[in-house]
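What follows is one structure encoded as C-alpha cells, with my remarks underneath.
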Number of protein chains: 2
Amino acid sequence: MNINPAAVNAAPKKSGTTMSQMQNVERQLREMILGLEIGPGERLTERWIESRFGASRTPVRAALLRLETEGLIGRDGRGWTVAPINLAELGQLAVYREAVEVAAVRLAAALEDRSGVEVIAAMLDSCDADTPRGEWHRVGMDFHIELARLSGNEFLLRGVRDAMTRLSRARWLEVRDEKALGRAWAEHHAVLAAVREGDADKAARLLSAHIAGSRDRLVTSLHDDRRGLRARGFAVVAA
Amino acid sequence: MNINPAAVNAAPKKSGTTMSQMQNVERQLREMILGLEIGPGERLTERWIESRFGASRTPVRAALLRLETEGLIGRDGRGWTVAPINLAELGQLAVYREAVEVAAVRLAAALEDRSGVEVIAAMLDSCDADTPRGEWHRVGMDFHIELARLSGNEFLLRGVRDAMTRLSRARWLEVRDEKALGRAWAEHHAVLAAVREGDADKAARLLSAHIAGSRDRLVTSLHDDRRGLRARGFAVVAA
DNA sequence: GATACCATTTTGGGATACCAGGGCGGTACC
DNA sequence: GGTACCGCCCTGGTATCCCAAAATGGTATC
C-alpha cells in the first residue's frame, strides 16, 4: 500500500497544514456524503473506502467513527450505511434548531459589539444571480452557524453546526427553488436587522418563523421529489 | 496479548449481551473518568489503557475517539488528556441546558399521556436518607434525561444527555451538600407538578430557575473547593 | 550552575495479518 | 421445481508491527 498509486489522493500539502490521513479520509468522505456523491442509504465497506482514498483501515475506521457521531453514517447490523434522508427527522431537527438558534440569537442581540452582524450581512450579500448553487447552499448554512458563533456560547454553536450538517443534504432541494431561496434570504436579512437593533424578542420571533418556514418548504419539496430521489437510488424515509 | 492475564477484564458475558472490546473499553474508561478515578487534566496514553483493560490499541483508539466527541477527553498536542473541570464551561453549559431542556419540558407538558411523569416522580422518590450518594448523583442526572425523553425529540434528548455527561463530574460536589440536594429535589418535583398540570409556561419557568440555581450552587462550591481539588491533582480551569 | 546538544525511549499514526460470523450461491436431496 | 444444507467469500473486529516525531534524560561545554 505504500506504493499504491491511489495514495496520490493524499493532502495537496497546503502550506502550513499537515493533514493526517484520518482527517483526509474524514473530510473527503464527508464531502462525498454531503454532496450526494454517495447516495443516502448506500452501503459502505471499510475496504472500499480504503482503496478509494489510498489509506489503510486504521484512519478509515477513525473517520467512520467520527462520521457516525455526526449522524452522517450509521450501522446496519455489522456494516456501515450512509444515513438515509429522513422526513421525520427534519421535523425534530427544526424543533431542536429553534431551541438552540433562538437562544443564540437572543444572546447575539444583547451584545454591545454589533460588528459581527455586518460581517454576516456581507456574507449574505456576496451571493447574487451569478453565484453557483453550491455557494448559496454553503452560505445559507454558514449564516446560521456564524449567527450562533456570535453568541459566544460553544455549546449552542456546536448544536447549530451539528444540526446544519444533518440538514445539509436535504437543503440541496431548497436551493434548487429560486423562490424559496429568495424568501430565505429576505428572512435572513430581517433577522439580522432585528439583531442590529438589539431587539432580541423580534429577532427570536423572526428566526423562529424562518426555521419553521424553512422546514415546511423542505418537507414539501422533499415530499414532491421523493419519487425522483428514490429513482436515483437515494433512501428516503417517510415521516 | 492473547494470553495476557489482564484480558480477564473482558466482558462478564451477561446473558444476551455480546460486548465488543471497544464498547468495553469505552464504558469502563468513561466510568473511570466520570467517577474521578482518573483525575481531570491527567494524561492518558494508549499503551496504558491497552494494558489496563487487556485490549489492543485498535479498540482503545476507537474508544478514545468516542470519548473525545463526548468532551470527556481532549488532545494535548499529540497526546490525550482527561478534560479538566472548567468553570467557564459550566456557565455556557447552563445556557445550553436552559435552551434545550426548556424546549423539551414544554413539549412534555403538552402531551396527553402523562404516565411518564409518574415514572419520573417515582424515580425521584426512590432516593431517601439511606441511599448512597452515587445513586443520588445518577438519579439527579436521569431526571433531566428522562424528562427530555418525554418530549419525544431525539435531538433534544441527545443534547440533554450530552450536557449531563459533561456536567457529571462537577456534580459530585453538589451531591455532597445535603442542603443543595434537598433544594434540587424540591425543584425537580415542582417542575414535574407543572408538567402534570400541563402548564408549559410554569414548567419552563421553574426548570429555567432550577438550571440557573444549580449552576450557581455548583460554581460556588467548585470555587470553594478549587484548592482541595487541585491538591488531589485535579486540573480546574478558572472561569 | 545553567544551558545547549545528543542518544534513547516513548508515543501516537498508520499498515497489515488474522479471525470469527454472516451472507450468498451452488448443490444435492426430496 | 422447491427446499434444505454446505462451504466459500466478504466484512468488520482485533492484535501486532513499523515508523516518525516528540519527550526525556544525561552529558559536555561555557
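Keep in mind that the numbers below use all heavy atoms, side chains included, and drop hydrogens, waters and symmetry copies. For clarity, every value in this text was computed on a predicted model and none was experimentally measured. Letters A, B, ... are given to chains in the order of the sequence lines, protein chains preceding strands, and every chain is numbered from 1.
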Options [options], nucleotide nearest the side-chain atoms of [X]:
| X | options | result |
| --- | --- | --- |
| B:Ser20 | D:dT14, C:dG12, C:dG14 | D:dT14 |
| B:Gln21 | D:dT14, C:dG12, C:dG14 | D:dT14 |
| A:Met22 | C:dG14, D:dG12, C:dG12 | C:dG14 |

Name every donor-acceptor pair, under 3.5 Å, that has one atom in a side chain of residues 32-45 of chain A and the other anywhere in the protein, sequence neighbours excluded.
from    : atom 1 : to      : atom 2 : distance (Å)
A:Glu42 : OE1    : A:Gly39 : N      : 2.9
A:Arg43 : NE     : A:Asp76 : OD2    : 3.1
A:Arg43 : NH2    : A:Asp76 : OD2    : 2.7
A:Thr45 : OG1    : A:Trp48 : N      : 3.0

Atom [atom1] of [X] to atom [atom2] of [N]: distance rounded to whole Å?
| X | N | atom1 | atom2 | answer |
| --- | --- | --- | --- | --- |
| A:Ile49 | C:dA15 | CD1 | P | 14 Å |
| B:Phe53 | D:dT14 | CZ | P | 15 Å |
| B:Leu44 | C:dT10 | CG | P | 18 Å |
| B:Asn24 | D:dT14 | CG | C1' | 13 Å |
| A:Arg57 | C:dG14 | CZ | P | 15 Å |
| B:Glu46 | D:dA22 | CD | C1' | 15 Å |
| A:Gln23 | C:dG12 | CD | P | 16 Å |
| B:Met19 | D:dG13 | CE | P | 15 Å |

For C:dT10, which nucleotide in any strand shown is its Watson-Crick or wobble partner with both distances under 3.5 Å?
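C:dT10 is paired with D:dA21.
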Please work out which residues in residues 59-70 of chain B have a non-hydrogen atom less than 4.0 Å from an atom of DNA chain C and list them by number.
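B:Arg61 - these, ordered by number, are the residues of the stretch whose heavy atoms sit under 4.0 Å from the strand.
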Over 12 non-hydrogen atoms of neighbours within 6.0 angstrom of CD in B:Glu68:
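It does: B:Glu68 CD has more than 12 such atoms within range.
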Hey, is CD on B:Glu154 packed in by over 12 heavy atoms from elsewhere, all under 6.0 Å?
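For B:Glu154, atom CD is not crowded (no more than 12 foreign heavy atoms under 6.0 Å).
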Nearest-nucleotide 5' precedence on DNA chain D, A:Thr45 against B:Arg47:
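With A:Thr45 and B:Arg47 compared, the 5'-side residue is A:Thr45.
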Verify the contact: side-chain N or O of A:Ser56 to OP1 or OP2 of C:dG14, cut-off strictly under 4.0 Å; return yes or no.
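False: A:Ser56 side-chain N/O out of range (4.0 Å or more) of C:dG14 OP1/OP2.
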Under a plain distance cut-off of 3.5 Å, with no hydrogens placed, do B:Ser115 and B:Asp113 share a side-chain donor-acceptor pair?
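Yes.
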Between the base of C:dG13 and the side chain of B:Arg78, is there a donor-acceptor distance below 3.5 Å?
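No pair found.
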Assign A:Arg75 to base, sugar-phosphate, or nothing according to its heavy-atom contacts below 4.0 angstrom with the strands shown.
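It contacts sugar-phosphate atoms only.
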I'd like a table of donor-acceptor pairs (distance under 3.5 Å, sequence neighbours excluded) in which one partner is a side-chain atom from residues 223-239 of chain A, with atom names and distances.
from     : atom 1 : to       : atom 2 : distance (Å)
A:Asp225 : OD2    : A:Arg176 : NH2    : 2.1
A:Arg230 : NH2    : A:Val236 : O      : 2.5

How many angstroms lie between CG in A:Leu157 and CZ in A:Arg149, if you round to the nearest 0.5 Å?
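Going from CG on A:Leu157 over to CZ on A:Arg149, the span is 5.0 Å.
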Aromatic ring pairing A:His188/A:His144, orientation class (parallel under 30°, perpendicular over 60°, tilted between):
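If you compare the ring of A:His188 with that of A:His144, the planes turn out perpendicular.
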